[in-house]
Amino acid sequence: MSEKSAGALAAPLPDKQFPTPKISAPRMPRGTLYRGREGMWSWVLHRITGVAIFFFLLVHILDTSLVRLSPEAYNAVIDQYKTPIMGLGEAGLVAAIGFHALNGLRIILIDFWSVGTKHQRLMFWIAVGVWAVLMAGFLPRQLMHIFGGA
Amino acid sequence: MTATIETPRSPRTVQKSRVNFEKWGWIYMRASGVVLVVLIFGHLFVNLVAGVGVKAIDFGFVGGKLSQPFWQIWDTLLLWLALIHGSNGMRTIVNDYASNPVVRRILNVALLASAVLLILLGTLVIYTFDPCPAGSPAELLPSLCKNR
Ligand code: HEM
């Protein structure tokens with residue numbers, strides 16, 4: 001290689017007409033396609049709701065099993081659930097399982113539907129939308145039951 | 001004892017088990033998920049939304065439901081599918097976070113034991129329970145009972 005061709009690779013002289021654009025470092029990490037976005041948060045929520053429902057299910061099987069023991073035993077335990085605090089906890093559980101179920105269907109569509117991965121972000125927001133509609137139908141009824149006195 | 005050492009480039013000859021359990025677990029999570037959506041939404045609707053909600057749940061209500069074959073089968077499916085789905089999901093999470101092999105083993109065995117125990121308990125309760133136990137106060141029993 002000659003001196004001349006090596007020189008062509010050196011930095012060009014400053015150009016007044018087309019100045020080199022300045023690119024400043026981002027102030028916050030920009031993340032990726034996944035990190036910090038719908039994909040990651042749907043996973044986080046799916047995992048947390050799955051664990052919560054699992055532990056509830058363990059207790060729920062045990063309390064329901066009391067029907068085998070006696071009507072009094074079952075009613076005594078179930079009556080503990082009929083308080084405002086338990087009612088709110090119950091609403092939280094319904095919210096959790098509602099999200100887990102709808103996002104679970106989204107996961108299944110991502111896995112089996114040919115264009116599922118392409119639409120995963122849209123499907124996340126559809127799941128959130130359907131969840132909001134279901135909760136809007138359920139919550140007033142639940143709150144009436146808890147606080148309505150009837 | 002002599003051990004045969006293969007040449008470094010020879011293909012893997014480990015005898016793989018014929019059934020790929022992880023694959024079937026993966027398929028199970030999805031298949032059970034679809035069925036669970038129907039079972040759980042139906043369960044929540046009938047118990048919490050229709051009628052007067054949680055307030056209506058007592059022995060009479062549950063006894064009335066569990067004396068019908070339809071709800072016996074519904075609840076049995078719910079019990080088996082949900083508990084196996086949940087335990088297998090928890091196994092995934094344990095395998096993700098428990099890096100110590102001993103801790104991982106203990107947690108996974110605990111998951112298996114609790115799933116087996118609760119499935120047996122729940123199934124037994126559904127099929128051996130008496131909606132009209134003799135000698136119980138009549139006002140606690142479901143309306144179908146003769147001793148009410
Ligand atoms: C309502 C219907 C449900 C649907 C559609 C559903 C769907 C799913 C799907 C698709 C997965 C992902 C599996 C994978 O990534 O391989 C999953 C994971 C999981 N599910 Fe469900 N599920 C449902 C109900 C439940 C219930 C009732 C429980 C608890 C007893 C539960 C607990 C879990 C757990 C703990 C995981 C693991 C989460 C993780 O790996 O991050 N799910 N579910």
Side-chain angles (χ1 to χ4, degrees), chain A residues 46-79 81-83 86-87 90-91 93-94 97-98 100-112 134 137-138 141-146 148-150, chain B residues 26-27 29-34 36-38 40-41 43-45 48-63 66 75 78-79 82-83 85-87 89-90 92-93 96 111 114-115 117-119 121-122 124-126 128-133 135-137 139-142:
Chain A
H46 199 82
R47 187 154 270 199
I48 294 174
T49 52
V51 173
I53 304 159
F54 175 77
F55 284 110
F56 164 75
L57 181 60
L58 298 187
V59 179
H60 188 48
I61 294 171
L62 291 173
D63 65 46
T64 306
S65 294
L66 290 172
V67 294
R68 185 68 182 76
L69 214 58
S70 77
E72 290 87 346
Y74 182 76
N75 287 353
V77 170
I78 288 299
D79 282 345
Y81 290 162
K82 298 175 185 173
T83 66
M86 284 303 203
E90 199 172 49
L93 272 165
V94 171
I97 193 133
H100 190 96
L102 293 167
N103 190 56
L105 293 178
R106 168 179 163 271
I107 296 175
I108 295 168
L109 284 174
I110 294 173
D111 289 337
F112 291 106
L134 287 179
F138 170 73
R141 186 129 187 107
Q142 174 76 359
L143 294 177
M144 263 164 55
H145 289 148
I146 304 173
Chain B
W26 186 93
I27 292 173
M29 292 307 275
R30 281 140 186 86
S32 62
V34 174
L36 279 171
V37 172
V38 178
I40 290 177
F41 282 9
H43 180 79
L44 292 178
F45 186 79
L48 295 185
V49 179
V52 280
V54 228
K55 293 241 161 93
I57 296 181
D58 58 11
F59 184 86
F61 178 84
V62 179
L66 281 186
D75 283 1
L78 197 52
L79 172 73
L83 203 51
H85 177 108
S87 307
M90 291 298 287
T92 304
I93 297 175
D96 271 0
L111 278 172
S114 51
L117 261 167
L118 284 174
I119 283 180
L121 172 71
L124 257 156
V125 167
I126 294 175
T128 67
F129 126 99
D130 177 3
C132 313
S136 289
E139 69 276 11
L140 297 184
L141 300 182

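Below, chains carry the letters A, B, ... as their sequence lines are ordered, and counting in each starts from 1.
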Do the non-hydrogen side-chain atoms of [X] and [Y] ever get within less than 4.5 Å of each other?
X: A:P71; Y: B:P133; result: yes
X: A:L58; Y: B:L83; result: yes
X: A:I78; Y: B:F61; result: no
X: A:R47; Y: B:T92; result: yes
X: B:L44; Y: A:I97; result: yes
X: A:V67; Y: B:V125; result: yes
X: A:D111; Y: B:W26; result: yes

Select one option (side chain, backbone, both, neither) describing which atoms of [X] are under 4.5 Å from chain A's heavy atoms.
X: B:I119; answer: neither
X: B:I93; answer: both
X: B:I126; answer: neither
X: B:L48; answer: both

I'd like to verify something: which residue of [options] has the highest number of heavy-atom pairs under 4.5 Å with chain A?
options: B:T128, B:V62, B:I40; value: B:T128
options: B:D58, B:L79, B:V34; value: B:D58
options: B:F59, B:F41, B:F45; value: B:F59
options: B:D130, B:V37, B:L36; value: B:V37
options: B:G63, B:S87, B:S114; value: B:S87

**Asked** Under a 4.5 Å heavy-atom cutoff, which of A:S65, A:G50, A:G104 has the most pairs with chain B?
**Response**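 The candidate making the most pairs under 4.5 Å is A:S65.
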**Asked** Distance from A:L57 atom CG to B:L118 atom CG, nearest 0.5 Å?
**Response**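 If we round to the nearest 0.5 Å, A:L57:CG and B:L118:CG are 7.5 Å apart.
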**Item:** Flag, side chain of A:R141 to backbone of B:V49, donor-acceptor distance under 3.5 Å
**Value:**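 Side chain of A:R141 to backbone of B:V49, a donor-acceptor pair under 3.5 Å: yes, one is there.
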**A:F112 versus B:R30, closest heavy-atom pair with distance** =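 So the minimum-distance heavy-atom pair works out to CE1-CD, 3.7 Å.
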**Item:** Region of A:F56 that comes under 4.5 Å of a non-hydrogen atom in chain B
**Value:**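 Neither part.
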